[in-house]
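Labels below follow one simple rule: chain letters A, B, ... track the order of the sequence lines, proteins then strands, and each chain is numbered from 1.
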Amino acid sequence: MAEAQAAATGGTAAMDRGRTWVVLYLATTGVVILLMMVFGLLMRLAQSEWIVLDPAVFYQLLTVHGIGMVGIAALGGIAILWHFLSAHVPLRSAALAINLVLFLVGVVMILWAVFIGGFAPAWTFLYPLPAISGGVWEPWAGVLDLTGVLLIGVGFLILCLEMGRAIVASQGGLGRGLGWHVLFGGSTDKPPAPTVVAGTMVVIVTTLALVAGATIVVMTILNLLFPSLAIDPLFAKNMIYFFGHVFINATIYMGVAAVYELLPRITGRPWKASRVFLGAWTLSTTMVLIIFPHHLLMDFAMPRWTMVLGQVLSYVNSFPVLAVTGLGALAIVHRSGIRWDLVSTLLLIAMFGWMAGVIPAVVDATVSVNYVMHNTLWVPGHFHFYLLLGLLPMIFAFMIHLARDEDVTARGGDLTAILYLLFGLGFVAMFLMGGWASVPRRWAVHMPEWLVWDRIATVMAAGVIVLAGVFVAIFLARIPRLLRHG
Amino acid sequence: MTVQTLSLLVSLAAIVALAAVFLRVRALSHTPVDYPPLLARAYRLGRIALWTMVVVGLPVTVWLLRYMPHTTAAAVADPQVVNVSSTQWFWEFDRESVEASKPVEFHVTSTDVNHGFGLYDPSGRMVAQVQAMPGYINVMTHTFEAAGDYRVLCLEYCGLAHHAMESVITVTAAGGSNG
C-alpha cells in the first residue's frame with residue numbers, strides 16, 4: 001500500500017527515504033529504551049539495597065530515565081504512525097531527518113547537563129527547583145538541559161506540523177481527518193482510515209502540548225539566566241502537567257496505528273472507522289486536553305471546579321479506550337482463525353496493557369483516593385502499566401514486523417511475548433503494591449519495611465530487560481538488510 | 001478497610017476480569033466464524049458496556065466527590081491550627097502536638113521549592129497529604145483518629161535530600177493535650 005501511495009504521489013524515492021528514516025528511528029528507540037531500562041534497574045537495585053548509589057547519582061538517573069523514556073516513547077510512537085500514515089497521506093521525510101538530528105543533539109545536551117553538570121530536577125523540572133538546587137548544580141546545567149529539551153520539542157513540533165499539513169492537503173482539513181463530516185455532517189463520503197483519524201488526533205493534541213511545553217521551558221530558562229524574572233509556581237505546574245500529560249498520552253495514540261493496520265492484515269478482517277469509532281476519537285481528543293488537572297488534585301489552591309473536572313472526566317476518558325478501541329481489537333481477533341505468533345501476541349498484550357493500565361489511573365484520579373495515594377509508587381505503577389505493557393509491545397511488534405519484511409505469515413515466537421507479559425505484570429504489580437503500602441515515589445533510599453516490593457520488582461525488571469533485549473536484537477540484526485533494500 | 005486496600009482490591013478485580021476476557025478471546029480465536037454477525041454482537045456488547053459505565057459508574061464517581069478534602073477547611077469551627085513551613089530539606093511547625101478526635105487545620109507552605117506534606121500513621125500508612133508550594137498556603141483539615149507519633153514525609157521531589165526530609169507530629173489522646 002505504501003508503494004502504491006508513493007507511486008500515486010510520484011515519490012517512490014521519497015517513500016524509500018521515509019522507510020530508511022523509520023528504520024533509524026526504531027534502531028535509536030531500541031537502543032535508548034534498553035539503556036533507560038538499565039537506568040531504571042539500577043534505581044530499583046539501589047532501593048533494594050543490593051547496590052549502593054550516591055543519592056545525587058540516583059536522582060540524576062531518575063531525571064534521565066524520566067525524560068529519556070518520555071522522549072523515546074514519542075520517537076518510537078512517531079515511527080509507527082509515520083510509517084502507516086504515509087500510506088494514506090503524502091508525507092515529506094525531510095521532517096523525519098530534521099527531527100532525528102534535533103533529537104540526538106538534544107539528548108547529548110541533556111546527558112551533558114545531567115551527568116557532567118549534576119542537573120537533577122526530575123523530568124518534571126517543577127519551578128523553581130531548576131534554579132534552587134541546594135548547591136547541587138549550577139544554573140548553566142539547567143540552561144543546557146532545558147535547551148536540549150526545547151530542541152527535542154521543536155523537532156517533534158516540525159513533525160506534527162508536517163503531518164498536519166499532509167492531512168489537511170489530502171483530507172480537506174483536520175475536522176475531516178477526524179471524520180466530522182461523517183460524524184456531525186451526515187456526509188455519505190467514505191470516512192477517513194482509522195490511522196488517519198489517529199494521526200489527526202495526535203497532530204492536534206501534540207502540537208498544543210508542545211507549544212505549552214516550549215513556553216514553560218523558555219520561561220524557566222529565562223528565570224535561570226535572569227532570576228528576577230519570577231514565575232508563578234502554580235502556573236508553571238499547570239503548564240508542565242498539561243504538556244507532560246498530553247504528550248505522553250499522545251505516544252500511545254501514535255503507537256495504536258500498529259494495531260489498526262496489522263491486526264486487519266493478520267486476521268483478514270477490516271478495521272473500519274464507524275461513527276462510534278469516530279465519536280470515540282473525538283471524545284479522546286477533547287478529554288486528553290482537559291483532564292490534566294488530575295495531576296494537581298493535591299494543590300488545594302487550584303479552583304475546586306478543576307478538581308471536579310479532573311476526577312469526573314478522567315473516568316469519562318476511559319470510555320473510548322475500554323468500550324471502543326479495546327473492544328474493536330478483541331472483536332477483530334475473536335474466532336478469526338488467527339495463528340498466534342510474536343507480532344500478534346505483542347499486539348494483543350498491548351491492547352490489554354493499555355486497557356488495564358487505565359484502571360489504576362482512574363482509581364488514582366478519584367480525589368479521596370489521591371489524598372492518600374498521590375506521589376506514592378501507585379503512580380509509576382499505573383503509567384508503567386500502559387507504557388511497558390501497552391506502548392512498548394506496540395513498538396516491539398512493529399520492529400519484528402519490519403524485521404520480517406512486513407510478511408504477516410505466523411512464525412511462532414509468542415512464548416517470548418508471554419514471558420515479557422508475565423515479567424512486566426510482576427514488575428508493575430510491585431509498584432502498585434508499593435503504592436498500597438504508601439511508599440513515596442522518587443526516593444533514593446527506602447525504609448526496611450518497603451524492601452520486599454523493591455526486591456521482587458528488581459528481579460522482574462531484569463527479566464523484562466532480557467526479553468526487551470531479545471526483541472530489539474531481532475530488529476537490529478535485520479537493519480543492514482532493511483537499509484540495503486529500503 | 002483503608003482507602004489503599006479498597007483501591008487495590010477494586011483495581012485488582014477489574015484487571016483480573018479484563019485479563020479473563022482477553023484469555024477467553026485468545027482461547028476461542030482459532031475457530032473462525034463469519035465476521036459481520038460477530039461484529040454486530042461486539043457493537044451490542046460495546047453499547048452495553050458503555051451504558052453500564054455511564055449509568056453505574058458516572059453516578060458513583062460524582063457521589064465520591066463528597067469526600068473532597070478541599071471542602072472541609074471552611075466548614076470546621078474552632079479547629080486546632082498548625083502552621084507548616086517547608087524548606088530544602090526540613091519541616092517547621094509552630095506546634096508539634098495536637099489532640100486526637102478534633103479537627104486539625106494544617107496551613108502548609110514552602111520557603112523555596114515544591115514539597116509534599118504527607119502524614120503517616122504509626123503503622124506507616126499514609127492518612128493525608130497536601131502540596132507545599134512557595135507563594136501559596138494550602139489549607140488541609142484532618143482529624144486524627146488515634147493518638148501516636150505521626151511521621152511527616154516529603155511527597156514531592158525537591159532535590160538531593162528529598163528522601164531524608166522527615167519530621168514527627170505527636171497526637172495525644174482526646175481531652176488530654178495542650179491542643
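None of B:Tyr120, B:Phe106, B:Phe144 except one satisfies the ring-ring contact (aromatic ring centres under 6.0 Å, His included) rule with B:Tyr150; the exception is B:Phe144. Of the residues B:Arg151, B:Met140, B:Arg125, the one that meets the side chain to side chain contact (heavy atoms under 4.5 Å, CB included) test with B:Leu119 is B:Met140.
The environment of A:Glu449 atom CD is dense: over 12 non-hydrogen atoms of other residues, nucleotides or ligands sit within 6.0 angstrom.
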- Message: Quick one, A:Thr220 with A:Asn223, criterion side chain to side chain donor-acceptor pair (under 3.5 Å). Give me CA distance, side-chain angles, the key distance, then yes/no.
- Response: CA-CA 5 Å; A:Thr220 307; A:Asn223 170 259; over 6 Å; no

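Proximity to chain A is limited to the side chain of B:Gln88, based on heavy atoms less than 4.5 angstrom apart. For B:Met53, the parts lying near chain A are the backbone and the side chain together; criterion is any non-hydrogen pair under 4.5 Å. Contacts between B:Leu160 and chain A at a heavy-atom distance below 4.5 Å involve backbone atoms as well as side-chain atoms. For B:Val108, no part lies under 4.5 angstrom from a heavy atom of chain A. Contacts of B:Leu39 with chain A are made by side-chain atoms alone, with heavy-atom separations under 4.5 Å and no backbone atom involved. B:Tyr157 touches chain A through backbone and side chain together, each having a heavy atom under 4.5 Å away. Heavy-atom distances place no part of A:Leu296 under 4.5 Å from chain B, backbone and side chain included.
Near-neighbour residues of residues 437-445 of chain A relative to chain B, defined by a heavy atom under 4.5 Å from a heavy atom of that chain, comprise A:Ala437, A:Ser438, A:Pro440, A:Arg441, A:Arg442, A:Trp443, A:Ala444, A:Val445.
The residue among A:Met351, A:Met302, A:Met373 with the most heavy atom pairs within less than 4.5 Å of chain B is A:Met373. Taking B:Leu45, B:Leu8, B:Ile48 one by one and counting their heavy-atom pairs under 4.5 Å with chain A, the maximum is reached by B:Leu8. Ranked by non-hydrogen atom pairs under 4.5 Å with chain B, the options A:Asp299, A:Val312, A:Leu432, A:Asp54 are led by A:Asp299.
For B:Thr170 and B:Asp149, the side-chain atoms include at least one donor-acceptor pair closer than 3.5 Å.
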List, one per line, each side-chain donor-acceptor pair under 3.5 Å for residues 360-372 of chain A, sequence neighbours excluded.
{"from": "A:Asp364", "atom 1": "OD1", "to": "A:Asn370", "atom 2": "ND2", "distance (Å)": "3.4"}
{"from": "A:Thr366", "atom 1": "OG1", "to": "A:Val362", "atom 2": "O", "distance (Å)": "3.4"}
{"from": "A:Thr366", "atom 1": "OG1", "to": "A:Val363", "atom 2": "O", "distance (Å)": "3.2"}
{"from": "A:Asn370", "atom 1": "ND2", "to": "A:Asp364", "atom 2": "O", "distance (Å)": "3.0"}

Less than 3.5 Å apart, which donor and acceptor atoms pair up between the side chains of residues 10-30 of chain B and the rest of the protein, not counting sequence neighbours?
{"from": "B:Ser11", "atom 1": "OG", "to": "B:Ser7", "atom 2": "O", "distance (Å)": "2.8"}
{"from": "B:Arg26", "atom 1": "NH1", "to": "A:Thr345", "atom 2": "OG1", "distance (Å)": "3.2"}
{"from": "B:Arg26", "atom 1": "NH2", "to": "A:Asp414", "atom 2": "OD2", "distance (Å)": "3.0"}
{"from": "B:Ser29", "atom 1": "OG", "to": "A:Trp340", "atom 2": "NE1", "distance (Å)": "2.7"}
{"from": "B:Ser29", "atom 1": "OG", "to": "B:Arg26", "atom 2": "O", "distance (Å)": "2.7"}
{"from": "B:His30", "atom 1": "ND1", "to": "A:Ile338", "atom 2": "O", "distance (Å)": "3.4"}

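With sequence neighbours excluded, no residue forms a salt bridge (charged side-chain N to carboxylate O under 4.0 Å, His left out) with A:Arg339.
A heavy-atom distance below 4.5 Å is found between the side chains of B:Glu105 and B:Val139. In this structure the side chain of B:Asn138 never reaches within 4.5 angstrom of the side chain of B:Phe117, judged on heavy atoms.
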